[in-house]
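Lettering of chains follows the sequences in order, A, B, ..., and the numbering in each one begins at 1. Remember, predicted model here, so these are calculated numbers, not experimental data.
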Amino acid sequence: MTVAPRAGGWVIALSFLVAFLLGGIPWPGGLERFRPDWAALVLIYWSMALPHRVGIGTGWLVGLLLDVGRGALLGQHALAFASVAYLTSQTYRRIRAAPLWQQTFSILVLLLVKQILVFWISGVIGYPPKDWWYLAPALGGMACWPLLFVILRDVRRYFEVS
Amino acid sequence: MVSLVPGKRIQSLFKINPTAILQLGFWVMLSIVMMTVDHRYRYLGGLRDVLGTAIYPLHYVMRMPGETKLWIGENLSGRGALLEENARLREKQLFFNVQLQKLTILEAENRRLRSLLESTVNMSERVLVAEMLAMDFDLYRHHILLNRGRQHGVYVGQPVLDQHGIAGQIIRAEPLTSTAILITDANHALPIQVNRTGVRTLALGTGNFQELRLPHIPNNEDVKVGDLLVTSGLGGRFPRGYPVGTVVKVAFDPGSPFANIVAKPLAQLDRIREVLLLEGQPDALQPAPSVKEPAPAAKEKEPPPPPKPREPAPRTSPSGAARPS
């Protein structure tokens with residue numbers, strides 16, 4: 001996020017900011033359980049589109065800020081986000097080559113990994129999840145991916161972030 | 001061209017960056033160390049304070065849509081509706097005033113009787129109004145973030161109420177914000193007593209906003225559906241006599257020595273917007289292990305509370321007016 005010499009760092013920072021804000025807005029009724037983790041989606045997008053700029057360290061920092069914002073254990077989301085960024089950095093060439101609707105399945109896997117890591121840590125400190133609903137946000141994120149992808153791609157092209 | 005050297009293209013598709021795993025290892029180790037320190041020893045309060053203050057403005061931006069809607073609603077409502085609401089509120093205030101008169105008399109009488117019994121009671125509880133900024137998002141942990149922190153006199157262990165009853169307690173106080181755990185969190189237990197009979201027990205959170213469990217009441221104890229549960233004051237965290245919930249289910253399992261009792265919290269925990277933080281020590285069970293308050297022991301001796309202009313305490317009021325009766 002703080003790579004100064006290259007253009008458009010502020011666009012990346014701003015997109016994470018918007019993702020933080022979106023993350024605080026509840027969804028109506030029964031959809032609430034499917035509310036995706038916007039910050040994770042944005043992180044996946046940037047580490048796929050600009051792997052040389054947004055990587056594991058950025059993911060870790062974003063996760064840490066999320067931990068503070070949510071009052072979670074310091075490092076919980078940081079660990080999960082760093083892992084997601086790592087997986088993305090190893091697979092982005094294959095994911096990027098696939099059509100958008102096929103990409104969503106890769107995204108689902110990445111988001112599931114993130115959910116499982118976060119809740120695994122919660123379990124270790126004494127808050128084990130009681131049912132399988134905790135995986136639902138990954139499905140929500142999968143459904144939102146095409147929209148987010150198109151929006152962020154246009155934003156990236158418009159501001160010529162590279 | 002491409003079809004002649006397919007191997008190269010495929011190779012680049014599956015290329016692995018060997019240093020990435022080292023990077024990942026570094027960050028993961030750092031996370032694990034931080035989590036351990038945070039969970040076990042709580043040394044990271046400083047870091048949390050700094051980062052928390054840095055992202056504090058975000059919470060306000062996040063709340064803006066809702067606030068704007070409220071503001072627009074208030075400003076666009078017609079004169080008729082406002083007058084009507086005004087009349088209704090005035091009526092309500094009249095009603096409360098009458099009740100308050102009774103309360104003053106009762107309080108005086110209570111104090112006199114207690115002084116006859118030579119027991120101390122702290123009548124000088126004050127409240128601090130806090131607004132909820134965020135709710136912890138994993139569904140199994142009921143923590144809320146409030147917009148009052150150490151700067152406003154919030155301390156760890158401070159009881160949190162909403163207008164209907166006990167809601168929880170503060171578990172972390174940062175400079176500008178604080179985190180409260182709700183009584184329905186699966187890791188929370190609240191010392192209570194059944195108002196009708198005086199039976200003392202614990203109310204355990206279940207992870208469900210509508211449910212508290214009372215697992216330690218024997219089968220032959222007198223508990224009925226509809227009984228009011230109030231705080232017992234044991235444990236020294238919560239003051240005595242605040243409403244907690246009502247019993248909604250009493251079932252007996254012949255095989256178990258304890259009844260299966262479920263209560264519903266009175267506080268509307270799933271739709272909290274504003275909460276009250278009780279200031280001052282609870283009923284003086286232990287002398288004065290006060291965190292912030294300068295001299296609670298002295299305060300308890302003299303009945304009329306000395307007005308404390310020590311902080312720009314926003315919107316405080318005597319708890320008598322705020323206490324639901």
*Between A:Ile56, A:Val124, A:Ile121, which has the largest tally of heavy atom pairs under 4.5 Å with chain B?*
A:Ile56

_Flag side-chain contact, heavy atom, 4.5 Å: B:Asn147 against B:His152_ = no

*Pick whichever of A:Leu74, A:Leu79, A:Leu21 has the most heavy-atom pairs under 4.5 Å with chain B.*
A:Leu74

*Which heavy atom in B:Ala130 sits nearest to a heavy atom in B:Arg148, and how many Å separate them?*
CB-CG, 3.6 Å

*Please examine the side chains of B:Phe209 and B:Leu182, heavy atoms only from C-beta on, and report whether any two atoms are closer than 4.5 Å.*
yes

*Among A:Gly63, A:Gly75, A:Ala78, which has the most heavy-atom pairs under 4.5 Å with chain B?*
A:Gly75

*Please examine the side chains of B:Asp38 and B:Arg48, heavy atoms only from C-beta on, and report whether any two atoms are closer than 4.5 Å.*
yes

*asked:* Only heavy atoms, only distances under 4.5 angstrom. Which residues in residues 90-107 of chain A are near chain B?
replied: A:Gln90, A:Arg93, A:Arg94

*With A:Gln76, which of A:Leu117, A:Leu66, A:Leu64, A:Val118 fulfils side-chain contact (heavy atoms from CB on, under 4.5 Å)?*
A:Val118

*asked:* For the CZ atom on A:Arg153, are there more than 12 heavy atoms of other groups (residues, nucleotides or ligands in this structure) within a distance under 6.0 Å?
replied: yes

*Name the region of A:Asp37, side chain, backbone, both or neither, that has any atom closer than 4.5 Å to a heavy atom of chain B.*
neither

*Measure B:Ile55 against the heavy atoms of chain A and call it side chain, backbone, both or neither at under 4.5 Å.*
side chain

*asked:* Quick check on A:Trp27: does its CH2 atom have over 12 non-hydrogen neighbours (other residues, nucleotides or ligands) under 6.0 Å away?
replied: yes

*So, do B:Met34 and B:Leu47 sit near enough that their side-chain heavy atoms are less than 4.5 Å apart?*
yes

*Looking at B:Arg213 and B:Glu211, does any basic side-chain N land under 4.0 Å from a carboxylate oxygen?*
no

_Among the listed options B:Ile32, B:Thr179, B:Thr36, B:Leu30, the residue most often paired with chain A at heavy-atom distances under 4.5 Å_ = B:Leu30

*Measuring heavy-atom distances to chain A, does B:Leu133 have an atom under 4.5 Å in its side chain, in its backbone, in both, or in neither?*
neither

